[in-house]
Protein chains: 2
Amino acid sequence: MDGDLRLEQKGGVIALERGLSILSAFGNERSALRLTDIAEITGLNKSTILRLCVSLERQGFIKRREDGWFQLGAALFHLGSAYQRSFQIVDVIDPVMQALVNEFNECSTFTVRDGNSVVCLHKVESSQGIRDAGSSIGDRYDLNNGASSQVLRAFSGEDGENFDQIRDTIHATSFGTLYPDAAAIACPLFGMGGDLLGALQLSGPQYRFSETAMAAMKQGLLHAVAGLTRSLGGNTDIYRTNTDNN
Amino acid sequence: MDGDLRLEQKGGVIALERGLSILSAFGNERSALRLTDIAEITGLNKSTILRLCVSLERQGFIKRREDGWFQLGAALFHLGSAYQRSFQIVDVIDPVMQALVNEFNECSTFTVRDGNSVVCLHKVESSQGIRDAGSSIGDRYDLNNGASSQVLRAFSGEDGENFDQIRDTIHATSFGTLYPDAAAIACPLFGMGGDLLGALQLSGPQYRFSETAMAAMKQGLLHAVAGLTRSLGGNTDIYRTNTDNN
DNA sequence: AATTAAGTTTCATGCAATGAAACATTTTAA
DNA sequence: TTAAAATGTTTCATTGCATGAAACTTAATT
């Protein structure tokens, strides 16, 4: 970045975006940054950063430690939790995910679509040493790879033969598209009105995702989302595949 | 609020603080707000809000729904998760809290001090219908009431007879100080260098917190925090009460 | 002691944040 | 149905305040 946001934007407030860019500088795995780090990442002048940080700290969005390092503040955690809570689904879905993890002993994630991104809203870890540790709660990906992304795109109505197939079979799989050795299988979760809420996924190392294992997982996932939709007051017919007859 | 931040502040950037105040408007249980709501809560001019929101939305901090309502954005969730992850302790402490909840069948919370606030970093719910549903992850309280607050204050070195007693017995209790019918018992958790990391608490309705029940909980909590401190590489002597002799 | 780097404060300059006003649109009342 | 009120949006002249270079103070390295 070069810190000069003037050219690209129409409308908006530069000072605010600069402040937000300071916050976003912490989003990439570094939990503490020095003034110089922030200056490098954002491209902002140090004076500017210091001035913006006075405001960020006063509102609790960042915290400056005694040793001078900057950290994210509790206000972000508070609002982040509020964001998650606004999806009331998480409370309902958690026990179901716990059960899935117990049954298949692989990590389960629940993701939602946000524009052209996927956001990992919830994750339940398996107890295995070798497991999908690549994604965490709060992570955000492009809507390109991975079983969940495919599901979210398919049931947002995107065109394409592969998406047709996902709609037909009501699930998607992926092998090494997001992380080289990882595999995943995902199903859509629908709400009361048949609207797409998100995608429920199981993921782990490819060698544990045999055809037979994945067939069982598919059953487990479909059973799980059907039960969830039912308890949300929705119609479960939507989970009938095109080859179902009953 | 009156939206006029000019008088109170020295240094800082007004436009940024106004933007942050918009975000904070969502912090009080309302997950969606209209323009007018935001104007009322923050005291800002609607034009100003609209302009600030362009920037907030462009950076993913808020999202405007098609019906015009504003909601928090995924960027906040991402950063909030990053905040939580910066306390690596949560990963270690979660299984221990799960075990506590299994044993005593009451909700367990882990809180940390942030200035003059308590922040609920993690919570494990009990399966009881009647339980402490008053606090959630991400909540922030004044450092006044509740067992955890007392513990955090006592082991931050505050003066007072009651704090002396908490330091002696290495735990605090509370009955109805935060919520009328609730009771709680809390212990401090210390890190490697004997530094206070936070407070571990069990809480529920008063009628289930008899003397004998709480004696068992105290043992359970102390055992839990001692084990945690040990696995963090710290010395557990710090959990010896003044009346211990061995 | 000399040099480099990191952090902080100041202040003249002019850019960009501001809010009143006018307008568009939707909802409520009469 | 019309009128009135509430909500949301855009514009633009005014000036408030965000800006960053420069000077300065530590702190770390050589």
Side-chain angles (χ1 to χ4, degrees), chain A residues 1-26 30-73, chain B residues 1-26 30-73:
Chain A
M1 308 190 201
D2 64 353
D4 193 344
L5 303 163
R6 259 163 293 190
L7 310 171
E8 346 172 7
Q9 64 177 1
K10 285 271 175 275
V13 177
I14 293 177
L16 173 57
E17 297 210 31
R18 287 178 170 174
L20 299 178
S21 79
I22 292 177
L23 295 178
S24 298
F26 292 87
R30 299 192 58 182
S31 67
L33 297 171
R34 289 173 307 166
L35 177 59
T36 307
D37 299 325
I38 299 177
E40 272 177 14
I41 297 173
T42 62
L44 295 171
N45 184 292
K46 286 183 185 176
S47 315
T48 304
I49 295 171
L50 240 25
R51 213 163 343 100
L52 292 168
C53 281
V54 169
S55 294
L56 287 170
E57 183 160 31
R58 183 155 42 212
Q59 305 282 334
F61 284 73
I62 62 162
K63 183 166 190 184
R64 188 154 207 191
R65 297 195 313 223
E66 294 191 359
D67 59 10
W69 290 67
F70 292 93
Q71 286 187 302
L72 294 175
Chain B
M1 308 189 203
D2 64 352
D4 192 345
L5 303 163
R6 261 164 291 191
L7 309 171
E8 345 172 6
Q9 64 179 359
K10 285 268 176 278
V13 176
I14 292 176
L16 174 56
E17 298 209 30
R18 287 176 169 175
L20 299 178
S21 78
I22 292 177
L23 295 178
S24 298
F26 291 89
R30 299 192 57 181
S31 67
L33 297 171
R34 289 174 309 165
L35 177 58
T36 306
D37 299 325
I38 299 177
E40 271 176 15
I41 296 174
T42 62
L44 294 171
N45 184 291
K46 286 182 185 175
S47 315
T48 305
I49 294 172
L50 239 25
R51 216 167 334 104
L52 292 168
C53 282
V54 169
S55 294
L56 288 170
E57 182 159 33
R58 184 154 43 211
Q59 304 282 333
F61 284 74
I62 63 163
K63 184 168 186 178
R64 187 156 207 190
R65 296 196 313 222
E66 294 190 0
D67 59 9
W69 290 66
F70 293 92
Q71 286 188 301
L72 293 175

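Computed from heavy atoms alone, side chains included, the values below leave out hydrogens, waters and symmetry copies. By convention in this document, chain letters (A, B, ...) are assigned in the order of the sequence lines, proteins followed by strands, and residues within each chain are numbered from 1.
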Exercise for the section: Provide, to the nearest angstrom, the distance between the CD1 atom belonging to Ile22(A) and the P atom belonging to dT19(D). Expected result: 9 Å
Practice task
Evaluate the side-chain proximity of Lys46(A) to Thr36(A): yes if any heavy-atom separation is below 4.5 Å, no if none is.
Solution key: yes
Problem - DNA chain C: 5'-proximal contact among Ala15(A) and Arg64(A) (nearest heavy atom) - result: Arg64(A)
Problem - Arg58(A) and Glu17(B) ion-paired at < 4.0 Å - result: yes
Dump the pairs, protein N or O against N or O of nucleotides 21-29 of chain D, anything under 3.5 Å, distances to one decimal.
from	atom 1	to	atom 2	distance (Å)
dA21(D)	N6	Ser47(A)	OG	2.8

Fill in the blank from the handout: Here the gap from Leu72(A) atom CG to Leu56(A) atom CG, rounded to the nearest 0.5 Å, amounts to 10.0 Å
Exercise for the section: Mind listing the closest non-hydrogen atom pair of Gln71(A) and Ser31(A) along with its distance? Expected result: CG-O, 3.6 Å
Practice task
To the nearest Å, give me how far apart CG (Leu52(B)) and P (dT10(D)) are.
Solution key: 15 Å
Problem - Any Trp69(B) side-chain heavy atom under 4.5 Å of Asp37(B) side chain - result: yes
Practice task
Starting at atom CD of Glu40(B), determine the distance to atom C1' of dA6(D), rounded to an integer number of angstrom.
Solution key: 11 Å
Fill in the blank from the handout: Closest non-hydrogen contact found for Glu57(B) with Arg64(B) is OE2-N, 3.0 Å
Practice task
Would you name the heavy atoms of Ile62(A) and Cys53(A) that are closest together and state the gap between them?
Solution key: CD1-SG, 3.6 Å
Problem - Atom pair CG (Leu20(A)) and CG (Leu23(B)), whose distance is rounded to the nearest 0.5 Å - result: 7.0 Å
Handout entry: Arg51(B) side chain near dA17(C) phosphate (N/O to OP1/OP2, under 4.0 Å)
Key = no
Problem - Length of the CD-P vector between Glu17(B) and dT18(C), whole Å - result: 12 Å
Handout entry: Rounded distance (Å) that lies between atom C1' of dT7(D) and atom CD1 of Ile49(B)
Key = 12 Å
Completion exercise
Closest non-hydrogen atoms of Phe26(A) and Phe70(A), given as atom of the first, atom of the second and distance, are CE2-O, 3.2 Å
Problem - Spacing of Ile14(A) atom CD1 relative to dT18(C) atom C1', expressed in whole Å - result: 14 Å
Exercise for the section: Report yes if a side-chain nitrogen or oxygen of Arg18(B) is closer than 4.0 Å to either non-bridging phosphate oxygen (OP1 or OP2) of dA17(C); otherwise report no. Expected result: no
Fill in the blank from the handout: What residues 30-39 of chain B contributes to the DNA chain D interface at heavy-atom separation below 4.0 Å is Arg34(B), Leu35(B), Thr36(B)
Practice task
Drop me the distance from Arg51(A)'s CZ to Asn45(A)'s CG, to the nearest 0.5 angstrom.
Solution key: 8.0 Å
Problem - Residue pair Leu44(A) / Ile38(A), side-chain heavy-atom distance below 4.5 Å - result: no
Practice task
Starting from the first five and the last five pairs of the helix from dA1(C)-dT30(D) to dA30(C)-dT1(D), work out the angle between the resulting helix axes, to 10 degrees.
Solution key: 40°
